[in-house]
Amino acid sequence: MSGPIQHEATRTALILYGSETGNAQDIAEEVARLTERLRFDTIVLDLDSVSLRDLVKPTLVIFVVSTTGQGEFPQNARLFWRRLLSGALKASLTLRKVRFASFGLGDSSYAQFNVAHRMLHSRMVQLGAKVVCERGEGNEQHSEGHSAGFRAWVVALRERLMDAFPLDDGVLPIAEDTFLEPKWKLDFVREGQVEGKADDGACLNGAVDLPPSIPHEATNGTTSPVEAVRLEETPSTDLIPVKGAYTATLLSNKRVTAPDHFQDVRLLDLRIGEVYEYYPGAVAVLYPKNFSEDVQAFIDLMAWQDIADKPLTLTPTTSNHKSAAPPSPSPLRHLDLSHTLLTLRYLLSNVLDIMSIPRRSFFANLLHFAGTTTDDDHYQKARLLELANPDLIDELWDYTTRPKRTILEVLQDFTTLRIPYQYALTTLPQIKGRQFSIASGGALKHPSRGRGGTRLDLLVAIANPPSPIIKYRPRHGVCTRYIASLQPNQLLTIGLQPGYLDVFPAELANPVLMIGPGTGVAPMRAMIYQRLAWATETGCRPAGKRLEGDVLVFGCRSSTADYYFEDEWRDLCEGEGLEVLTAFSREAGQEKRYVQDVLRGAGERVFELVVKREGRVYVCGSSGAMPKGVREALVDVLVECGEGTGMGREGAEGYVEGMERGGRWKQETW
């Protein structure tokens with residue numbers, strides 16, 4: 001641990017994150033609020049946005065990084081990690097001037113729990129960087145998720161920063177009840193203002209060529225601007241201009257579960273015009289939208305009816321200009337807004353996540369906008385203080401997470417509270433893209449009937465559990481509700497990422513054991529068709545036996561309710577030698593069976609595939625109990641069937657660990 005140092009006249013903090021789904025970015029922004037209150041000029045960036053030289057410039061560097069896949073760095077941190085591994089860097093010298101802290105996000109159902117964070121921390125120390133605070137770790141499997149580990153770590157971080165970077169005599173940290181001016185805020189476009197660009201290249205909208213259907217000024221008559229905007233029961237069909245994303249056409253959105261089954265699961269057939277080569281484990285990122293009725297409800301709650309459709313510009317604040325750190329990048333830098341009319345309605349429809357479950361920091365921000373005039377104001381402010389208090393985490397859990405109460409519903413409880421429109425973008429969280437494993441592979445990637453481009457199949461379970469808040473609407477998954485509303489031939493914005501299964505043609509030399517219960521069968525389907533295509537291309541397996549030796553273990557509730565791709569599996573079994581083992585947990589007249597039960601029941605077959613033929617194991621599906629149960633079942637099989645080989649439980653555990661280290665065991669869970 002580094003000792004106390006005297007801070008310079010101006011202290012700077014660089015908060016760097018590596019995030020796949022947005023969780024690490026959320027944590028990084030919360031850390032930034034802490035360093036701002038400790039009077040560090042702070043900037044938050046993804047890891048790939050900086051060079052190694054940038055690490056030695058600030059007073060303090062804090063890393064927040066997720067571990068993804070088989071112990072790998074997120075997509076927006078891989079370039080930085082490769083730079084950090086350069087052999088040209090001198091141990092103990094290159095980063096000797098750097099003082100840093102780090103927090104990792106992981107999932108203990110993976111063998112490589114938090115390994116990316118630990119490797120980053122170790123490499124920084126190896127290159128001479130000084131640790132300001134012991135590294136912290138969050139675990140998705142904890143009952144409170146990552147928040148439990150983060151809450152303990154951030155308390156320790158604050159204490160260590162106060163010791164290592166003491167403030168001058170008479171200077172105190174900025175109090176929690178003092179409003180921190182954000183680096184960017186919204187403002188109305190002035191009359192005659194022309195389009196310009198922010199320092200980071202994010203386009204700012206000007207009052208030019210306004211569509212005639214959207215009024216520029218609020219009217220004073222009986223018709224408000226809101227009434228001029230036709231509300232739909234579904235989100236708008238306008239494309240979200242995400243940089244680097246693709247435009248996909250939805251050919252079909254088919255329900256693949258029985259009509260009377262409680263779970264609605266969709267098979268989406270998408271096409272993009274470009275040729276994009278992908279392999280099993282690849283993911284598509286869908287960017288959901290809010291429904292018009294929810295957007296209007298939020299506008300009404302905030303009393304924004306007269307300004308919801310006025311053109312806005314996003315501008316850096318004075319605090320951003322005066323900061324000693326580099327200018328903070330625009331919060332909309334991931335969007336190309338050069339041809340978009342930016343309004344509050346647009347942001348609420350496409351950018352701001354008003355249907356998400358709020359974090360503690362959201363309530364801390366709301367405190368600055370709470371009134372103090374009436375008794376209701378005082379009561380609501382007291383309630384906000386409770387929900388923002390890190391020591392009352394159970395209170396927050398009971399109010400938000402347990403009932404899945406959304407931001408919109410929260411603000412329906414706090415009826416006197418109004419968020420100033422200028423701070424909407426920095427008070428409300430942004431909608432994050434959702435990842436879905438691609439279910440197509442091999443020949444399925446190429447559209448039929450001579451069409452160009454690329455085909456993408458997605459298997460998506462629509463989240464629609466019963467509501468514990470009776471007076472409000474049922475619970476909906478933000479993205480799956482959007483997916484359920486999509487119509488054939490509709491255009492939508494998607495991102496594409498390679499994923500982490502790292503499957504390659506040489507694997508055909510060995511059989512595979514694929515375990516994919518529920519929608520976890522999606523990447524298994526991609527793998528089966530990809531192996532079939534590779535076997536055809538290389539000729540290493542004869543026709544009619546191109547999948548011989550490969551085993552798929554699929555689990556669902558019953559053979560009549562949710563047996564996905566049943567006809568395809570039958571054809572592949574009969575025509576190419578694939579073996580499919582099924583586990584039905586609610587089959588009429590049968591005992592409950594799960595995938596781990598099937599593995600134990602087919603022990604000799606599994607032992608032959610995994611040990612005698614040195615096959616590979618892939619596990620995909622829900623995180624938590626399932627992958628742990630599968631691993632335990634495999635160990636049990638090795639113990640029982642390997643008795644004659646002298647493989648006891650310790651040896652079986654070691655064998656599975658060796659498979660994990662050698663890449664013969666891989667999992668992709670969500």
Side-chain angles (χ1 to χ4, degrees), residues 29-30 33-34 36-37 144 147 151 155 172-182 185-188 218 220 224-226 290 293-308 310 317 344-345 347-348 352-429 467-475:
E29 290 169 352
E30 192 158 345
R33 285 188 282 271
L34 167 66
E36 287 279 1
R37 293 196 179 278
E144 297 175 16
S147 298
R151 190 169 64 253
V155 171
L172 297 174
I174 301 172
E176 289 291 333
D177 59 357
T178 300
F179 179 64
L180 291 176
E181 182 76 8
K185 69 178 182 180
L186 297 165
D187 203 355
F188 293 124
N220 295 320
S224 72
V226 171
N290 290 317
E293 59 182 330
D294 298 325
V295 171
Q296 188 59 50
F298 194 94
I299 290 170
D300 293 341
L301 280 171
M302 295 297 103
W304 289 347
Q305 295 93 333
D306 289 344
I307 61 174
K310 294 181 66 174
T317 62
L344 285 169
R345 190 181 302 278
L347 290 172
L348 291 169
L352 299 175
D353 201 352
I354 59 175
M355 303 305 291
S356 63
I357 299 172
R359 299 168 61 93
R360 185 189 65 82
S361 56
F362 173 73
F363 294 100
N365 285 335
L366 289 187
L367 273 168
H368 303 300
F369 309 132
T372 57
T373 305
T374 68
D375 289 344
D376 280 348
D377 289 338
H378 288 292
Y379 169 77
Q380 293 188 10
K381 187 161 188 175
R383 182 62 172 147
L384 287 173
L385 283 168
E386 292 177 349
L387 296 169
N389 188 339
D391 295 327
L392 300 178
I393 191 66
D394 290 341
E395 190 71 27
L396 179 65
W397 176 272
D398 289 340
Y399 180 68
T400 59
T401 307
R402 185 188 62 80
K404 302 187 185 302
R405 185 178 264 108
T406 67
I407 286 176
L408 176 60
E409 290 167 341
V410 165
L411 292 172
Q412 288 170 338
D413 285 347
F414 292 85
T415 54
T416 66
L417 193 147
R418 302 286 184 269
I419 300 173
Y421 77 88
Q422 297 94 329
Y423 304 118
L425 196 55
T426 49
T427 302
L428 299 167
S467 173
I469 309 176
I470 302 301
K471 64 180 179 179
Y472 296 134
R473 75 196 71 219
R475 306 298 88 190

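Throughout, residue positions are numbered sequentially from 1 according to the sequence presented.
Of the inter-residue distances, the one linking Glu386 atom CD with Lys381 atom NZ reads 14.0 Å to the nearest 0.5 angstrom. Interatomic distance, Arg360 CZ to Glu395 CD, rounded to the nearest 0.5 Å: 14.0 Å. Here Ile354 contributes atom CD1 and Asn290 contributes atom CG; the two are 4.5 Å apart, rounded to the nearest 0.5 Å. Distance CZ/Arg33 to CG/Leu180: 9.5 Å, rounded to 0.5 Å. The line from CG of Leu411 to CZ of Phe362 is 4.5 Å long, rounded to the nearest 0.5 Å. How far CD1 of Ile357 is from CZ of Arg405: 10.5 Å, rounded to the nearest 0.5 Å.
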*Given the rule in the side-chain contact (heavy atoms from CB on, under 4.5 Å) test, do Leu428 and Ile419 qualify, once you have shown the distances and angles that lead to the verdict?*
CA-CA 9 Å; Leu428 299 167; Ile419 300 173; 4.2 Å; yes

_Run Phe298 and Leu352 through side-chain contact (heavy atoms from CB on, under 4.5 Å) and show every step you take._
CA-CA 11 Å; Phe298 194 94; Leu352 299 175; over 6 Å; no

*asked:* One pair to check against ring-ring contact (aromatic ring centres under 6.0 Å, His included): Tyr423 and Phe179. What are the steps and the verdict?
replied: CA-CA 11 Å; Tyr423 304 118; Phe179 179 64; 5.1 Å; yes

*Evaluation steps, side-chain contact (heavy atoms from CB on, under 4.5 Å), between Leu367 and Leu385*: CA-CA 7 Å; Leu367 273 168; Leu385 283 168; 3.7 Å; yes

*Begin with the C-alpha distance, continue with both residues' side-chain angles, and end with the deciding distance and a verdict on side-chain contact (heavy atoms from CB on, under 4.5 Å) for Leu425 and Lys185.*
CA-CA 7 Å; Leu425 196 55; Lys185 69 178 182 180; over 6 Å; no

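Closest non-hydrogen pair, Thr178 versus His368, comes out as O-CE1, 3.5 Å. Nearest heavy-atom pair, Gln380 versus Leu417, reported as atom, atom and distance to 0.1 Å: OE1-N, 4.1 Å. Of all non-hydrogen atoms in His378 and Thr373, the two that sit nearest each other are NE2-O, 4.4 Å.
You'll find the side chain of Glu36 stays beyond 4.5 Å of the side chain of Ile174, heavy atoms only. Contact of the Pro429 side chain with the Ile407 side chain is registered, since non-hydrogen atoms from C-beta on lie closer than 4.5 Å. For the pair Thr401 and Leu396, the minimum side-chain heavy-atom distance is 4.5 Å or more. Taking 4.5 Å as the limit, every side-chain heavy atom of Leu387 sits out of range of all side-chain heavy atoms of Thr400. Side chains of Phe414 and Phe369 form no contact here, defined as non-hydrogen atoms less than 4.5 Å apart. Ile299 has its side chain out of reach of Leu344: every pair of non-hydrogen atoms, C-beta onward, lies at least 4.5 Å apart. Counting heavy atoms from C-beta outward, Arg345 and Gln296 have side chains that approach closer than 4.5 Å.
At distances below 3.5 Å, not a single donor-acceptor pair connects side-chain atoms of Arg418 with backbone N or O atoms of Trp304.
A side-chain donor-acceptor contact under 3.5 Å links Asp377 and Thr416.
Salt bridge Arg383/Asp413: absent, no basic N to carboxylate O contact under 4.0 Å.
Note on ring orientation: taking the six-membered ring where Trp is involved, the planes of Phe188 and Tyr421 are parallel (angle under 30°, cut-offs 30° and 60°).
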